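Remember, it's a predicted structure, so these values are computed and weren't measured experimentally.
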Amino acid sequence: MLDVKGVIAYMRGQQEGPVWRIGTSNGTISLANAAARLTRGGPDGIVLTSTVSLSGTSVHNTGLGAIRMPVLIVHHEPDLCAASPVSAARILVGKLKAASLLALLTLSGGSPPETGPCEPFSPHGYFGIGQKVVDAIAQWLISDAPPRALPPATPTPRP
């Protein structure tokens, strides 16, 4: 956690504004873990993409109920990776009860897969729609996310 906290502190020193972290696939596990434990010095919000929800080690082992910052979950509807089906992303929304803001963004389209279902050149890696995903995340951060998220005393209503 000290490494993550140090990187975030460095980023805050380099620019004004909020610091968001994005994790994809297995990266969502460590990101959710950091968000649950870093109540001070952590990110202002997180984005979980292709979240690993159904495996021996998953985001459900991280203390999701302790995450109090804004969370955007992004998922590709045709993701066929057994560890991250879109149905599990929908269940994840219900586990993030303390998030100060929460949204699930699902996308579709893309190119035919060129690798296995849990690899980057497949729907799991947003193959063929990468820019669409980046644009959608950026738009959400600009329009919906608070400019600087602070843990609220009580969770705020979610859309």
Side-chain angles (χ1 to χ4, degrees), residues 1-77 79 81-107 118 120 123-126 130 132-159:
M1 287 305 136
L2 291 177
D3 291 344
V4 173
K5 200 171 186 177
V7 168
I8 292 169
Y10 174 80
M11 292 172 69
R12 288 195 198 291
Q14 299 300 304
Q15 66 175 21
E16 288 187 27
V19 175
W20 283 73
R21 294 199 58 221
I22 299 175
T24 300
S25 192
N26 279 324
T28 61
I29 299 168
S30 58
L31 178 56
N33 186 49
R37 284 161 179 65
L38 289 176
T39 56
R40 300 238 186 258
D44 293 301
I46 61 172
V47 179
L48 304 171
T49 67
S50 299
T51 305
V52 172
S53 298
L54 300 178
S55 68
T57 301
S58 76
V59 293
H60 297 287
N61 304 108
T62 65
L64 293 171
I67 297 174
R68 299 180 56 81
M69 63 192 62
V71 179
L72 174 62
I73 301 167
V74 180
H75 206 86
H76 199 177
E77 283 282 347
D79 189 345
C81 181
S84 61
V86 71
S87 59
R90 291 185 178 109
I91 291 169
L92 181 59
V93 169
K95 302 285 184 175
L96 290 159
K97 295 180 187 309
S100 61
L101 181 67
L102 179 61
L104 171 62
L105 173 64
T106 58
L107 299 122
C118 297
H124 185 70
Y126 305 95
K132 180 179 176 181
V133 174
V134 170
D135 292 346
I137 292 170
Q139 183 60 42
W140 187 83
L141 291 174
I142 291 167
S143 64
D144 291 338
R148 185 120 177 130
L150 298 174
T154 58
T156 56
R158 295 174 277 184

J.: Below 30° counts as parallel, above 60° as perpendicular, anything between as tilted: where do the rings of Trp140 and Trp20 land?
T.: perpendicular

J.: On a heavy-atom basis, which atom in Ser55 and which in Ala83 lie closest, and how many Å separate them?
T.: CB-CB, 4.3 Å

J.: Which heavy atom of Ala34 sits nearest to which heavy atom of Val4, and what is that distance?
T.: CB-CG1, 4.1 Å

J.: Could you state the interatomic distance from CG (Leu92) to CG (Leu104), rounded to the nearest 0.5 Å?
T.: 8.5 Å

J.: Looking at Arg12 and Gly17, what are the two nearest heavy atoms and their distance?
T.: NH1-O, 4.4 Å

J.: What heavy-atom pair brings Leu31 and Ile22 nearest, and what distance separates the two atoms?
T.: CD2-C, 3.6 Å

J.: Check the pair Val86, His76 against side-chain contact (heavy atoms from CB on, under 4.5 Å), reporting the backbone distance first and the verdict last.
T.: CA-CA 7 Å; Val86 71; His76 199 177; over 6 Å; no

J.: Check whether Ser50 reaches the backbone of His124 with its side chain - one donor and one acceptor, N or O, closer than 3.5 Å.
T.: yes

J.: Within the distance-only criterion (no hydrogens, no angle test), does the side chain of Arg37 pair as donor or acceptor with the backbone N or O of Gly42 below 3.5 angstrom?
T.: no

J.: Please confirm whether the backbone N or O of Leu54 pairs with a side-chain atom of Ser58, one donor and one acceptor, at under 3.5 Å?
T.: no

J.: List the atom of Ala88, the atom of Ser53, and the distance in Å for their closest heavy-atom pair.
T.: CB-CB, 3.6 Å

J.: Stepwise, does the side-chain contact (heavy atoms from CB on, under 4.5 Å) test hold for Ile73 with Thr28?
T.: CA-CA 10 Å; Ile73 301 167; Thr28 61; over 6 Å; no

J.: Looking only at non-hydrogen atoms, find the nearest pair between Gly56 and Asn61 and report the distance.
T.: O-OD1, 3.4 Å

J.: Atom CZ in Arg21, atom CG in Leu38: separation rounded to 0.5 Å?
T.: 8.5 Å

